[in-house]
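This report refers to the structure that appears directly beneath it.
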Amino acid sequence: MNDKPTMKQAQAELLTLLKEFDRICRKNNINYSLHGGTLLGAVRDGGFIPWDDDADVTMLRSDYNKLTECFNEQSEDFRLIDSYLHMPRIIRRNFDADTVFAWIDIMIYDPVTENKLGQKLKFNMQLFYQAMCRDKNTIRLVESKNHGFVKKTLFKSAYIVGKPFSYERKYRWYNRFSQKSLCGKKTLIHRSNDQMKGMKMLIPAECMTEFIDIPYEDTKLMITKHYDTILTISYGPDYMTPVHDQANDEVHDYFRKAFLKHLNIGEQ
């Protein structure tokens with residue numbers, strides 16, 4: 001398996017994954033939107049950002065639940081992994097010597113209360129559940145100099161509290177809380193399985209109710225009609241100006257290695 005592909009190879013594999021994901025979503029009337037750098041690349045570059053070697057999509061919880069019911073049955077070469085570190089992913093079923101290792105991250109929108117105090121409580125509880133879902137490899141990311149002593153201590157404490165419980169149980173608790181607790185009037189939604197920075201980016205619920213097709217490399221993929229609102233919230237009003245955040249590259253590389261270890265393929 002080629003787990004250290006060139007950028008061109010990685011993007012070619014990601015495009016194959018995105019096409020299959022799009023095929024199954026359309027077949028089953030499931031709405032989604034490209035997200036993050038993948039959405040930004042679609043709007044700004046008509047495809048991949050030159051330095052982007054991952055792919056992100058978002059969908060409402062109701063659409064994600066529909067996806068889990070059909071994807072693995074209907075895709076011959078790819079599979080949906082519902083639970084690895086609170087982030088569902090789509091990868092190939094099998095790898096040979098020439099296969100590029102890449103995946104799609106699926107971020108899920110759940111409602112969040114309009115009350116500021118309630119929002120803070122929900123975010124922190126979700127962060128607690130995320131810490132419980134970490135493994136011995138990814139918990140090490142908490143050692144980053146970007147985290148203060150108190151945050152590191154709380155995060156590691158939650159991780160230790162969760163160790164006696166199975167991952168499946170902790171993941172169920174996390175999803176149940178995200179869907180059912182502190183939802184308010186459901187006028188606001190957020191990416192409940194994102195990192196804290198992403199979780200706190202609230203968007204109006206109507207932003208995920210209308211979708212359009214957009215050219216992406218040699219195909220067309222689906223994005224929210226309100227992409228400008230989401231990109232502005234995510235990157236600011238100057239999102240059309242290219243900025244390469246190399247710190248994100250380092251974090252992504254660490255998670256890639258941890259994911260390989262989790263799957264018991266490639267790097268060990």
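This chain uses plain numbering: 1 for the first residue, then up along the sequence.
- Using a 4.5 Å cut-off on side-chain heavy atoms (C-beta onward), Lys220 and Ile214 make no contact.
- Taking 4.0 Å as the cut-off between side-chain N and carboxylate O, Lys122 and Asp110 do not count as a salt-bridged pair.
- With contacts defined as side-chain heavy-atom distances shorter than 4.5 Å, the pair Ile90/Ile106 qualifies.
- With no hydrogens or angles considered, a side-chain donor-acceptor pair links Tyr32 and Asp22 at under 3.5 Å.
- Val57 places none of its side-chain heavy atoms less than 4.5 Å from the side chain of Asp105.
- The distance from the SG atom of Cys133 to the CZ atom of Arg169 is 13.0 Å, given to the nearest 0.5 Å.
- Side-chain contact between Glu114 and Leu188 is present, with at least one heavy-atom pair separated by less than 4.5 Å.
- Side-chain contact annotation: Thr113 with Gln119, donor-acceptor N/O pair under 3.5 Å absent.
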Report, one line per pair, each donor and acceptor closer than 3.5 Å where one atom sits in a side chain of residues 34-47; sequence neighbours left out.
unit_1, atom_1, unit_2, atom_2, d
His35, NE2, Arg191, NE, 3.2
Thr38, OG1, Asp56, N, 2.9
Arg44, NH1, Tyr239, O, 3.0

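- Using a 4.5 Å heavy-atom cutoff, the side chains of Leu18 and Ile104 are in contact.
- Ser178 and Gln126 share a side-chain donor-acceptor pair at under 3.5 Å.
- Checked against a 6.0 Å centroid threshold, the rings of Phe48 and Tyr216 count as neighbours.
- Between Phe123 and His190, the ring-plane angle classifies as tilted under the 30° and 60° cut-offs.
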Worked check of salt bridge (Lys or Arg N to Asp or Glu O under 4.0 Å) between Lys66 and Glu69: CA-CA 5 Å; Lys66 289 166 62 177; Glu69 294 175 357; over 6 Å; no
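- For the residue pair Gln130 / Asn193, no side-chain donor-acceptor distance below 3.5 Å is found, with atom types taken as modelled.
- Annotation for Tyr227: atom OH does not count as buried by contact number, only 12 or fewer foreign heavy atoms lying within 6.0 Å.
- Asp96 and Thr99 share a side-chain donor-acceptor pair at under 3.5 Å.
- Note: Tyr171 and Tyr167 have parallel aromatic rings, judged against thresholds of 30 and 60 degrees for the angle between ring planes.
- Side chains of Arg92 and Phe101 form no contact here, defined as non-hydrogen atoms less than 4.5 Å apart.
- Residues Leu14 and Trp103 fail the side-chain proximity criterion, which asks for heavy atoms closer than 4.5 Å.
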